[in-house]
Amino acid sequence: FPHAGRAKLVRYGVRPRDLQEAINKCLGGDSDDQTPVQANYAALFETCFAGLLRGCEGALNCSARTRHHGEWMARLHSSRADIKTNCRGDDGFPFAAYRCRNSKDRKEATRWDKMTRLLPGGGKYIDANRALNRLLERDPVPFAQRSSTPAFRDPRNGLAITVNQMRDCLRNIMFAIGLNGDRYGAHSPRIGGATGMFAEDADELAIKTMGVWSSDAFMAYLRGHQPRILSLVRRGCSADVKDDDHEATFIFDEDDLAE
């Protein structure tokens, strides 16, 4: 339900094939000519899609009301050291691991902790493991500097990509493929990932687990069912989402309303 006194903020999820088309057209895709800047944005979008991440869990929220006052801090935000690629699941498919804080956690004992989100490779349209590998190739960082380098950055100045920049880029590349970019926001990859999983008949518990939409109890489920979760997300990254599915929208909670 929307918060009293707040207008509803409705955002569309981006379809897997639309995001792939936009990345290929505007952000270099698998081209050898992909620039370091393009590789950062492409990997950010695919990571947020596959990991069902909120915009501020991949990009930097520059709102003055945040705990960090809009400044990137290694203790709070994801760095290159929080990215691990080419892990191997029981099914033989590669996957990546991305560590980030749960931006909705308000518990004093855990709100500063980073949690691991699993990002399967092998998706028909979205392959976060491959995108992150390309990021590390296109925009390499010395090992000693990984923990002090934002996970997704503008390599021209070294600064973390912000939520505003992420949103603007996504809207621009959606316009570029003939869609109404104004419908999309920094949470659209997250919505798209959840919608893709739903289109592939993932159950509510699996979607809530991946998107961290519920209590810590779901994290135990995730650890105990890693192969199934990876399989479900991989299928979501390959889903041919129909128009009816694509119309699904969320009424976001307070943090999402701040987008």
Side-chain angles (χ1 to χ4, degrees), residues 16-17 19-20 23-24 27-53 57-59 74 77-102 113-153 155 160-161 166 189-190 192-193 196-197 200 202 206 209-212 219 222-239:
R17 64 177 179 272
L19 184 56
Q20 181 200 51
I23 288 174
N24 287 342
L27 298 177
D30 290 329
S31 169
D32 291 337
D33 295 328
Q34 186 184 49
T35 69
V37 174
Q38 290 174 331
N40 274 271
Y41 277 98
L44 171 59
F45 291 139
E46 295 203 40
T47 295
C48 288
F49 187 102
L52 274 60
L53 302 182
E57 291 168 351
H77 302 107
S78 299
S79 72
R80 287 292 174 87
D82 293 313
I83 296 173
K84 185 177 181 180
T85 62
N86 299 327
C87 308
R88 285 286 169 179
D90 294 339
D91 58 4
F93 283 97
F95 67 91
Y98 174 77
R99 295 178 66 245
C100 66
R101 288 181 56 250
N102 174 8
D113 297 341
K114 293 179 181 178
M115 58 189 298
T116 300
R117 312 290 273 271
L118 304 181
L119 313 170
K124 178 180 178 181
Y125 299 114
I126 302 300
D127 189 329
N129 183 67
R130 180 180 60 190
L132 287 169
N133 276 324
R134 290 182 65 80
L135 166 65
L136 301 179
E137 293 171 2
R138 299 296 183 195
D139 183 25
V141 173
F143 182 83
Q145 298 175 18
R146 290 174 60 200
S147 61
S148 59
T149 301
F152 306 106
R153 64 172 186 163
I161 294 174
M166 175 186 178
R190 170 177 168 86
M197 290 180 67
E200 289 295 311
T209 298
M210 285 303 299
V212 194
M219 300 318 298
L222 173 61
R223 288 191 290 271
H225 295 74
Q226 183 187 101
R228 179 170 181 270
I229 291 296
L230 287 170
S231 176
L232 285 169
V233 179
R234 185 179 302 110
R235 285 161 52 194
C237 291
S238 305

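No side-chain donor-acceptor contact under 3.5 Å links Glu57 to the backbone of Asn102. In this structure, the side chain of Lys114 engages the main chain of His77 through a donor-acceptor pair within 3.5 Å. A donor-acceptor pair under 3.5 Å links the side-chain atoms of Ser78 to the main chain of Arg99, judged by distance alone. Although no hydrogens or angles enter the test, the distance criterion places no donor-acceptor pair under 3.5 Å between the side chain of Arg153 and the main chain of Ala160. Listed for the Arg117 side chain is a donor-acceptor partner under 3.5 Å among the backbone atoms of Gly51. In this structure, the side chain of Arg130 does not engage the main chain of Gly123 through any donor-acceptor pair within 3.5 Å. In this structure, Ser148 contributes its side chain and Gln145 its backbone to a donor-acceptor pair below 3.5 Å. Side chain of Glu46 to backbone of Ile126: no donor-acceptor contact under 3.5 angstrom is found.
Atom-to-atom distance recorded for Arg17:CZ and Asn24:CG is 14.5 Å, nearest 0.5 angstrom. For the atom pair CG (Leu27) and CG (Leu44), the distance works out to 10.0 Å, reported to the nearest 0.5 Å. The distance from atom CZ of Arg134 to atom OG of Ser31, rounded to the nearest 0.5 Å, is 7.0 Å. The distance from atom CG of Leu132 to atom OG1 of Thr47, rounded to the nearest 0.5 Å, is 4.0 Å.
The two residues Ala42 and Gln34 make their nearest non-hydrogen contact at CB-NE2, 3.9 Å. Across Pro120 and Phe95, no two heavy atoms sit closer than the pair CA-CB, 3.7 Å. Nearest heavy-atom pair, Gly122 versus Asp127, reported as atom, atom and distance to 0.1 Å: N-OD2, 2.9 Å. Annotation for Ala50 and Cys237: closest pair CB-SG, 4.0 Å, computed over non-hydrogen atoms.
By the side chain to side chain contact (heavy atoms under 4.5 Å, CB included) test, Ala74 pairs with Trp72, sequence neighbours left out. Residues meeting the side chain to side chain donor-acceptor pair (under 3.5 Å) test with Arg80, sequence neighbours left out: Asn40, Asp139. The side chain to side chain donor-acceptor pair (under 3.5 Å) check on Asn129 picks up Asn86, with sequence neighbours excluded. For Thr35, the side chain to side chain contact (heavy atoms under 4.5 Å, CB included) partners are Val37, Gln38, not counting sequence neighbours. Every residue meeting the side chain to side chain contact (heavy atoms under 4.5 Å, CB included) condition with Phe93, not counting sequence neighbours, appears here in chain and number order: Asp91, Arg234.
In this structure the side chain of Leu119 never reaches within 4.5 angstrom of the side chain of Lys84, judged on heavy atoms.
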- Message: Using side-chain contact (heavy atoms from CB on, under 4.5 Å), reason through Ile161 and Tyr41 one step at a time and then give a plain yes or no.
- Response: CA-CA 8 Å; Ile161 294 174; Tyr41 277 98; 3.7 Å; yes
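For residues 134-153, the set of pairs meeting the ring pair (Phe, Tyr, Trp, His ring centres under 6.0 Å) definition, not counting sequence neighbours, comprises Tyr98-Phe152.
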